[in-house]
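Chain letters run A, B, ... following the sequence lines, proteins first and then strands; every chain starts at 1.
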Number of protein chains: 2
Amino acid sequence: MTTQARTSTGTAQNGELLTPISKSALPDFTGYLIKRSWVTIQRDLRELLLGFDLSQRSMSVLSVVIGNPDINQSDVAAALSIERSGMVVIVDELEGLDLIRRERALSDRRAYALRATLKGHQLHDRVRAAIIAHEDRIFANISHAERDSLHAILLKLVED
Amino acid sequence: MTTQARTSTGTAQNGELLTPISKSALPDFTGYLIKRSWVTIQRDLRELLLGFDLSQRSMSVLSVVIGNPDINQSDVAAALSIERSGMVVIVDELEGLDLIRRERALSDRRAYALRATLKGHQLHDRVRAAIIAHEDRIFANISHAERDSLHAILLKLVED
DNA sequence: TATTGTTATACTCTATAACTATA
DNA sequence: TATAGTTATAGAGTATAACAATA
């Protein structure tokens, strides 16, 4: 059982990264490419949102609340495919930052009617612009046609 | 401050799901569509791999080891963009299932030379076939041309 | 000094169950 | 009975730091 050793280290002598992943079956799977893309994007996005005191989830909630004034927490959770229980801390966070408010729903005294504050709207606009710039960076080396195509295909995929 | 209540419940009277996410800024971001796609794919993939006693990470490691015989743990970690420390439990798991073996590297007594067993190769082939079928299901309602296009664009994106 | 594998730790995210007040 | 919000909890997954053996 003579086990021949590899050149090790992960960086070849010329300084170029050797990525043995290309020699596996993984790049054949579109699902795996989607995962890797998301990891890359997420890393940059997290940094960006940190500058606004936002997490990815809280930005998503803020965006849905702005698009759907007086929506309640359960419906936001359903829209984002997250659990109702997880909404509490996110809404707490956003309320603490004075970005949204929990108004009392008139027709149902169990529920809140979520609404963004002026500050919430203003921050959302700024973050939106920052994310557009971030995506321009991420997709810098693929053409506009390819980018549009990517967007359209993913939209169809997500819509089921 | 008259807060008009919404129709609530998340499912309209006709039984159709109302997804207010389409009324937010989120679907404008390709990054968010990638995230949602990954969540959808991952849910199905997890179930699939569970039937083989594999996690997503352990399947990835098995695949890289098979594609790069006698690779060491650090290089696998680098290829998959995960931490070296996280490799330990994954390799333990794969070794416990008799899918890969930790051989001693000849040239470097600190490192292991990872190699898949016969059982590992056979399982990998079966899982690979199952994932291909899984992706056929996931991408059932988009054309082959679009699917090829999606794959090519994501490949370019991941490669940097 | 630097690197491999390892352990411990912590932090985030997610998933589940149970409770209260309303419906 | 069922639902909205809440709390507590446990499980993943991930990231960091430190250590022993070896380079």
Quick one: B:L54 CG to D:dA12 P, roughly how many Å, whole number? 15 Å
Salt bridge (charged side-chain N to carboxylate O under 4.0 Å, His left out) filter on A:R84, not counting sequence neighbours, yields none
Run the salt bridge (charged side-chain N to carboxylate O under 4.0 Å, His left out) test against A:D92 and tell me which residues pass, sequence neighbours left out. A:R102
Gap between atoms CZ and P, on B:R36 and C:dT14 respectively (whole Å): 12 Å
Between B:Y112 and D:dT22, is there a contact of a side-chain N or O with OP1 or OP2 at under 4.0 Å? no
Heavy atoms only, 4.0 Å cut-off, all strands: where does B:R102 land among base, sugar-phosphate and nothing? sugar-phosphate
Rounded off to whole Å, could you give me the CG-to-P distance for the B:L50 and D:dG11 pair? 16 Å
Does some side-chain heavy atom of A:I41 sit less than 4.5 Å from a side-chain heavy atom of A:H134? yes
Expressed in angstrom and rounded to an integer, what is the separation of B:L49 atom CG from D:dG13 atom P? 11 Å
For the residue pair B:N72 and B:A111, what are the closest heavy atoms and their distance? CB-CB, 4.1 Å
Each nucleotide of nucleotides 16-23 of chain C classed B (base within 4.0 Å of a protein heavy atom), S (only sugar-phosphate) or -, in 5' to 3' order, makes BB---BBS
Evaluate the criterion side chain to side chain contact (heavy atoms under 4.5 Å, CB included) for residue pair A:S60 and B:Y32; output intermediate values, then yes/no. CA-CA 9 Å; A:S60 301; B:Y32 187 75; 4.0 Å; yes
Whole Å only: how far is the CD1 atom of A:I82 from the P atom of D:dA12? 21 Å
Closest-nucleotide mapping onto DNA chain C: is B:S74 or B:R46 further toward the 5' terminus? I mean the 5' end. B:S74
May I have the distance from A:E47 (atom CD) to D:dA15 (atom P), rounded to whole angstrom? 12 Å
Side chains of residues 119-127 of chain B: which donor-acceptor partners sit under 3.5 Å, not counting sequence neighbours?
unit_1: B:K119; atom_1: NZ; unit_2: B:L97; atom_2: O; d: 3.3
unit_1: B:H121; atom_1: ND1; unit_2: B:T117; atom_2: O; d: 3.0
unit_1: B:H124; atom_1: NE2; unit_2: B:S63; atom_2: OG; d: 3.1

Could you check A:R57 against B:A111 and say which one's nearest nucleotide on DNA chain C is further toward the 5' end? B:A111
One should read off an interatomic distance between A:L33 CG and B:H151 NE2, to the nearest 0.5 angstrom, of 5.0 Å
Comparing nearest nucleotides in DNA chain D, the 5'-proximal residue of the pair A:V88, A:R43 is A:V88
Do NZ/NE/NH1/NH2 and the carboxylate oxygens of A:R57 and A:E93 come within less than 4.0 Å? no
Should B:I82 and B:M59 be counted in the same cluster of Ile, Leu, Val, Met, Phe, Trp and Tyr side chains packed under 4.5 Å apart? yes
How close or far is atom C1' of D:dT14 from atom CD of B:Q42, stated in whole angstroms? 14 Å
Value in whole Å for how far the P atom of D:dG13 lies from CH2 of A:W38: 17 Å
For D:dT6, take OP1 and OP2 only and decide whether either is under 4.0 Å from a side-chain N or O of A:Q73. yes
A:D92 or B:Q56: which one's nearest nucleotide on DNA chain D is closer to the 5' end? A:D92
What residues, two or more places apart in sequence or in another chain, satisfy side-chain hydrogen bond (donor to acceptor under 3.5 Å, both in side chains) together with B:S55? B:S58
Bend of the helix from C:dT1-D:dA23 to C:dA23-D:dT1 from end-axis comparison, five pairs per end, nearest 10°, comes to 0°
